[in-house]
Amino acid sequence: MDRYSPQEIEKKWQDKWEADSAFKTEMDENRPKYYALEMFPYPSGNLHMGHVRNYSIGDVMARYKTMEGFNVLHPMGFDSFGMPAENAAIKNNVKPSDWTFSNIENMKRQQRSMGLSYDWDREAITCTPEYYKWTQWLFELFYKKGLAYKKKASVNWCDTCGTVLANEQVIDGKCWRCDSEVQKKDLSQWFLKITDYADVLLKDLDKLKGWPERVKTMQDNWIGRSEGLEFEMPVEGLDEKLSVYTTRPDTAYGITFVALAAENPLVEKICENNPKAAEIKAFCDKVRNQSEMERTSSESEKEGIFTGVYAINPFNGNKAQLWVTNYVLADYGTGAVMGVPSGDQRDWMFAKKYDLPIILTLQPKDKELKLEEMDAAYTDKDGVLVNSGKFTGMEIHKAMSGIIDEAEAQGFGKRKVNYRLRDWLISRQRYWGAPIPVIHCPHCGEVLVPEEDLPVRLPEDVSFDSGALSPLATSEAFVNCKCPKCGADAKRETDTMDTFICSSWYYLRYTDPKNDQAPFAKDKVNYWAPVDQYIGGIEHAILHLLYSRFFTKVLHDAGLVDFDEPFSNLLTQGMVLKDGSKMSKSKGNVVSPEEIIAKYGADTARLFILFAAPVDRDLEWSDQGVEGAFRFLGRVWRILDHFEDMVKAGKDNYDVSALTKEEKDLRRVLHVTIKKVTEDIRDRFMFNTAISSIMELVNAAYAFQDKELNAGLAREFAAALIKMLAPFAPHITEELWHNLFGEGSVHQQQWPKYEEEATKLAEIEIVLQINGKVRDRITLPADIDKTAMEAAVKELPRAKELTEGKTIVKVICVPKKLVNIVVK
RNA sequence: GCCGAUGUGGCGGAAUUGGCAGACGCAGCAGACUCAAAAUCUGCCGUUGGCAACAACGUAUCGGUUCGACUCCGAUCAUCGGCACCA
């Protein structure tokens, strides 16, 4: 064989795999299926190292499972709607579709150069009418189920992007994409009712045994479930009742004020015939004009204004001052909060600032609290009630349920569960997305576009610089239509859908990508899905992963799929860093995958990126580490080149007992390696240690670089080594397989099996410890019994020397490991 | 503030069930090959002391359990991530 030259072999095999449709998959009820999926990319134009890492991990799983006999689905596609295409259109005067498809072509070329085992026949591209037809169809399904609705609400608006955003897309008060500050705007927008699924989305996190704990915690936090009591307080002098929600009903006897959000509709009514009306309204306007950042920061000063009106505490008849404040959230709970200064730190600070009364209702079991000595609220959920009518003296947890029962019995309150999660705002005032398939008719109101008229296609005669207007509104031909119900002149909805809708169901489309009758056929989706292994970045922990779970649950309830969670196992890969920080153009620390592949080949790039760190941890890029991976592949190449004649002369069934001691050692290392690599890939996703043990195996083989090696063993060694390395470095192994074993592809071979017997040592090293410290070692037969082992170790000169003149307190004997002699 | 993760040589990391800490790789040092260099092959490579055998120390810090702790328990510190005026 010639020298190892990746440039010569990689392209050759990529072309061959493509010509042979080597990774084409079909349903096969007789084989166990395995669905390996990497998060599909946005077609920005070029792969970055994060993609390379993502796809390398997925490709190892897909190829390994194929060799283990699974029917593997391993598809790829493009999440191709979104803002950058539109920005490019504005800036360079190109059509968003042209920009997008030329980027897709380039990225596919780069993906091909990585040697990934995708079934390209299953490609799904979300911006094609063949795909977004079904995105629209699914929107209509949600609508028919009462899970899609339009309402006027105070929503997040990004001025830079010229569109509204979902709550999940606002990070620290800023736009997730462009980082500019988000404003609140009252707009009429489309929402999906994800809150209907809050409870099951939370509860089913328990089912996701194969998900990282931290992702589940993040979703848990995001959904934010809380249990408590909602109850009504009569408002004095008004024929109105006021609802409040609390998680601390045990403190209800300590209410001295009620805090309303400025947006609470009750504020209007209170202002009627109120001498302070002007003042109150001025305060409300001031609060509303505060930015989202100012309003929701726990740092900002709490302010309020007394309305002059009182509410009545239904538990004890006490009067509570009614205040309008800047710190109560309008859209959580009832937009009104009971004020108990002794039990809540915010209420405490508010009461101190405005000199409101404070009533103590809870104190520790072993200590009497005095208000005049306190400088903060007592917020521990532990203690005994005081000043609480018939609940005085009761332990807190008993009192909590007792007080709720009381409210329910009296009919002024009930147990209530609240969620932090809000409905998903899906309208976008942008062009490059799936149009919302709704027509607004002056007579019939909202009408869905009939299924046979789908897809609602994107028009091309649009203007992109239309200000706050959606670009679709600039196309007369698009906007003006007939009502499907009554035939009257009507107008189309001009907003498009959030691209996260498109990506919420793409993993289902891969199971039946060309279906033009339905988003997917039931038998196919239920054969392949759910995804067995999903791989992607942690940045989608809430956004995409929560939305996909929501979609899957709705489709399950609609009877379209049999499963109710999309991804059985989730692997969140770490970032690729250079010089300690994430690769980015602005930092100038980007390493281009294309250049690395051109210089060293895809096999080296893949091997390095999988070897340098465990898959879920951040990875520091190292040019010298890449050199190391390349050197290793060269070592593999050379040792197999050296063994070539022996491999070809060897027989598959050879006499193992005829091996020399050194050969037996190599055979043992071989079988230990097969065991380790199999378990590391299958059970642990520890690709770094799998590769390091293959390196050790190759190092062991170098003992025979200038020696004869039994031909049978050479053949066994070469076959297993090439197969084990195949998922990591698919091209070099295909070439070596072809050169040494001839016909067929290494990627269609069966994964090597180890013989347990062959992994065992005849003699093992036993450690002598004195008081837990290693003092000597001795080689003994592996099957020696405990007593004999102890005796042999005690006979060691070191053992005698170190125990001489001392009392042996105890001897601990761990079979096959050590003997620890405890002396005094 | 609440929740979660991480912390091991000069560097990336290994140690899977409580049993020889530092596998494998990078960097470094030395040797072989070579006129020479590169490439390749071989050996050494935690710190301190010692010619050495060896000894002491060593997995963020402090303490505990244990014959024995990177691993288990308790506290602390640091870094990163999520949530946070959610009543």
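Chain letters run A, B, ... following the sequence lines, proteins first and then strands; every chain starts at 1.
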Tell me what [X] touches on the nucleic acid: a base, only sugar-phosphate, or nothing, going by heavy atoms under 4.0 Å.
X      : answer
A:P614 : sugar-phosphate
A:E696 : sugar-phosphate
A:V767 : base
A:M338 : nothing
A:K676 : base
A:V337 : base
A:N418 : nothing
A:E765 : base
A:G628 : sugar-phosphate
A:Q624 : sugar-phosphate
A:V328 : base
A:N688 : sugar-phosphate
A:K216 : nothing

Looking only at N and O atoms, is any donor in the side chain of [X] or the base of [N] less than 3.5 Å from an acceptor on the other one?
X      : N     : value
A:R775 : B:C54 : no
A:R214 : B:A5  : no
A:N221 : B:C83 : no
A:K302 : B:C85 : yes
A:R777 : B:C20 : yes

Go through [options] for me and flag the one nearest to the [X] side chain.
X      : options             : answer
A:Q705 : B:U42, B:G13, B:C67 : B:U42
A:Y332 : B:C85, B:G68, B:C86 : B:C86
A:R617 : B:C86, B:C67, B:G13 : B:G13
A:R684 : B:U16, B:G81, B:C24 : B:U16
A:R635 : B:C41, B:G25, B:G19 : B:C41
A:A613 : B:C86, B:A27, B:G13 : B:G13
A:N820 : B:A87, B:G4, B:G68  : B:G68
A:I542 : B:G25, B:C54, B:C83 : B:C83
A:R638 : B:C41, B:A14, B:A21 : B:C41
A:Y327 : B:A87, B:C20, B:G13 : B:A87

Strand RNA chain B in bracket notation, Watson-Crick/G-U under 3.5 Å with | for pairs to another chain: (((((((..(((......[....))).(((((.......))))).((((....))))..(((((..]....))))))))))))....
Heavy-atom side-chain contact between A:K816 and A:M789 under 4.5 Å: no
To the nearest Å, how far apart are [X] [atom1] and [N] [atom2]?
X      : N     : atom1 : atom2 : value
A:D331 : B:A87 : CG    : P     : 13 Å
A:Y702 : B:U42 : OH    : P     : 7 Å
A:K773 : B:C20 : NZ    : P     : 15 Å
A:H540 : B:G81 : NE2   : P     : 17 Å

Phosphate OP1/OP2 of [N] contacted by [X] side-chain N/O (<4.0 Å):
X      : N     : result
A:R798 : B:A55 : yes
A:R631 : B:A27 : yes
A:S226 : B:A87 : yes
A:N699 : B:G25 : yes

Answer yes if the side chains of [X] and [Y] hold a donor-acceptor pair under 3.5 Å, and no otherwise.
X      : Y      : value
A:Y332 : A:S226 : yes
A:N326 : A:K302 : no
A:N221 : A:R420 : no
A:Y253 : A:N318 : no
A:E168 : A:W222 : yes

Distance, P atom - from B:U8 to B:C62, rounded to whole angstrom: 16 Å
Ring-face cation of A:K286 near A:F283 (centre distance under 6.0 Å, axis angle within 45°): no
Ring-face cation of A:R682 near A:Y64 (centre distance under 6.0 Å, axis angle within 45°): no
Crowding at CD, A:E227 (>12 non-hydrogen neighbours, <6.0 Å): no
Residues A:K675, A:E756: salt bridge by 4.0 Å N-O rule: yes
Electrostatic pair A:K174-A:D172, nearest N-O below 4.0 angstrom: no
Syn or anti conformation of B:G46, syn meaning chi within 90° of 0: anti
